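Encoded as structure tokens, the structure appears first; notes follow it.
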Amino acid sequence: MTADQLRRAIRAAPFKPFRICLADGCEIRVRHPEFVMVTPEASRTFVVAESGEDYRIIDLLLVTSLDFVDGKPRRTRRKR
């Protein structure tokens with residue numbers, strides 16, 4: 001994952017919510033582009049705001065993928 005790839009996901013128009021998947025198995029949801037900060041000079045780290053005043057500083061080298069989600073809960077089929 002590069003800073004430019006992350007910036008493209010954040011600046012996409014229209015914005016699509018996505019999950020940041022990390023090497024340790026953690027997933028961080030990004031529901032709005034204002035919840036992520038990548039500085040212009042960033043090459044290794046970025047910040048993701050979570051609920052309340054919580055935030056994470058993440059090393060780009062630990063990001064395994066960005067999974068784009070539609071924001072709607074998945075429906076499961078009922079067994080008959």
Side-chain angles (χ1 to χ4, degrees):
M1 171 65 53
T2 67
D4 287 334
Q5 290 171 319
L6 181 59
R7 282 188 196 97
R8 280 195 297 271
I10 296 166
R11 294 176 181 161
F15 176 79
K16 294 180 184 176
F18 59 91
R19 277 191 296 263
I20 299 169
C21 301
L22 303 177
D24 66 356
C26 288
E27 294 182 348
I28 303 161
R29 285 190 84 129
V30 177
R31 292 186 166 99
H32 193 276
E34 292 181 357
F35 295 160
V36 182
M37 183 185 78
V38 183
T39 63
E41 300 84 26
S43 61
R44 285 281 311 260
T45 59
F46 63 98
V47 178
V48 177
E50 296 187 301
S51 61
E53 294 184 16
D54 296 337
Y55 63 91
R56 291 187 192 208
I57 300 172
I58 301 170
D59 187 326
L60 278 165
L61 296 177
L62 298 178
V63 177
T64 59
S65 67
L66 298 181
D67 292 339
F68 291 87
V69 295
D70 61 7
K72 299 175 187 172
R74 290 187 178 184
R75 290 181 53 192
T76 57
R77 293 185 178 187
R78 293 187 328 181
K79 294 183 180 179
R80 294 182 185 210

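Note that the structure is a prediction, hence the values are computed from the model and not measured. All residue numbers refer to positions in the sequence shown, counting from 1.
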Sorted by chain and residue number, the salt bridge (charged side-chain N to carboxylate O under 4.0 Å, His left out) partners of R31 (sequence neighbours excluded) come out as none
ask   = Taking only residues two or more places apart in sequence, or in another chain, which ones meet E34 in a salt bridge (charged side-chain N to carboxylate O under 4.0 Å, His left out)?
value =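 With neighbours one apart ignored, the set is empty.
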Hits for side-chain contact (heavy atoms from CB on, under 4.5 Å) against E53, two or more places apart or cross-chain, chain-then-number order -> none
Say whether I10 and F35 are linked into one hydrophobic cluster, either directly or through other cluster members, by side-chain heavy-atom distances under 4.5 angstrom.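 Different hydrophobic clusters.
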Note to self: If hydrophobic clusters are built from ILVMFWY residues whose side chains come within less than 4.5 Å, do I58 and M37 share one?
What the structure shows: no
Do other residues, nucleotides or ligands put more than 12 heavy atoms under 6.0 Å from F15 CZ? yes
Closest non-hydrogen atoms of L60 and M1, given as atom of the first, atom of the second and distance, are CD2-CG, 3.6 Å
Drop me the distance from [X]'s [atom1] to [Y]'s [atom2], to the nearest 0.5 angstrom.
| X | Y | atom1 | atom2 | answer |
| --- | --- | --- | --- | --- |
| R29 | S51 | CZ | OG | 13.5 Å |
| L66 | I28 | CG | CD1 | 10.5 Å |
| L22 | L61 | CG | CG | 11.5 Å |

Residue set satisfying side chain to side chain donor-acceptor pair (under 3.5 Å) with R56, at least two apart, ordered chain then number -> E50
Residue set satisfying side chain to side chain donor-acceptor pair (under 3.5 Å) with T64, at least two apart, ordered chain then number -> none
So the salt bridge (Lys or Arg N to Asp or Glu O under 4.0 Å) pairs with at least one residue in residues 59-68 (sequence neighbours excluded) are R44-D59
